[in-house]
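All remarks here apply to the structure that follows.
Start at 1 with the first residue, then count along the sequence. Values below: all heavy atoms of this structure, side chains included; hydrogens, waters and symmetry mates excluded. If you're wondering where the values come from, they're calculated on a predicted model, not measured in any experiment.
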Amino acid sequence: MKADKLRKHLRAATGNGSGENGAGQGGIVTERRTKEQAKTKRPPLYKVILLNDDYTPMEFVVDVLKVVFHKAHAEATRIMLYVHQNGMGVAGVYPFEVAETHVRTVEELARQNEYPLKCVMEKA
């Protein structure tokens, strides 16, 4: 008896006396809700490129790679040799702000030591 009263009450509350039109059993309307997840985009990456010149000592370039880019000695030497043989080489790939900071740091260190070492960045 109580169940019949409850069904009548639910039908009346949904505005449909027949319990049809998308309503489940007994006029109960269920609705599926999905949570929206905000996906964050990864920032664009930039290559920091060292340019070869005839005046900057190889040891200085290795030191810069170790100090600024936190490379191991062997990796820094490998990158330095690549730059020396090919005219330029990638020191690392970073988000824009980090790449920009590394470029400025390299050029500042080179200027302080009176070397013409150049460093640029380009979109990866």
message: Checking Asn113 now: which residues fulfil side chain to side chain contact (heavy atoms under 4.5 Å, CB included) with it, not counting sequence neighbours?
response: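 Side chain to side chain contact (heavy atoms under 4.5 Å, CB included) check on Asn113 returns Phe60, Tyr115.
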query: Under 6.0 Å from the CD atom of Gln112, do we count more than 12 heavy atoms belonging to anything else shown?
result: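 It does: Gln112 CD has more than 12 such atoms within range.
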If you measure from [atom1] on [X] to [atom2] on [Y], what distance do you get to the nearest 0.5 Å?
| X | Y | atom1 | atom2 | value |
| --- | --- | --- | --- | --- |
| Met80 | Asp63 | CE | CG | 10.0 Å |
| Tyr46 | Lys123 | OH | NZ | 4.5 Å |
| Lys118 | Thr56 | NZ | OG1 | 9.5 Å |
| Leu117 | Leu51 | CG | CG | 8.0 Å |
| Glu122 | Ile49 | CD | CD1 | 3.5 Å |

- prompt: Going by the side chain to side chain donor-acceptor pair (under 3.5 Å) test, which pairs reach into residues 69-87, not counting sequence neighbours?
  reply: Lys66-His73
task: Report the C-alpha separation of Leu50 and Leu65 in whole Å, then their side-chain angles, then the decisive distance to 0.1 Å, and conclude whether the side-chain contact (heavy atoms from CB on, under 4.5 Å) test is met.
output: CA-CA 10 Å; Leu50 291 174; Leu65 287 164; 3.7 Å; yes
Listing, residues 93-107 side-chain donor-acceptor contacts under 3.5 Å, not counting sequence neighbours, or none:
unit_1	atom_1	unit_2	atom_2	d
Thr101	OG1	Glu97	O	2.8
Thr105	OG1	Thr101	O	2.7
Glu107	OE2	Cys119	N	3.3

Test side chain to side chain contact (heavy atoms under 4.5 Å, CB included) applied to Val64 and Val61, Val67, Val62, Val68, the passing residue: Val68
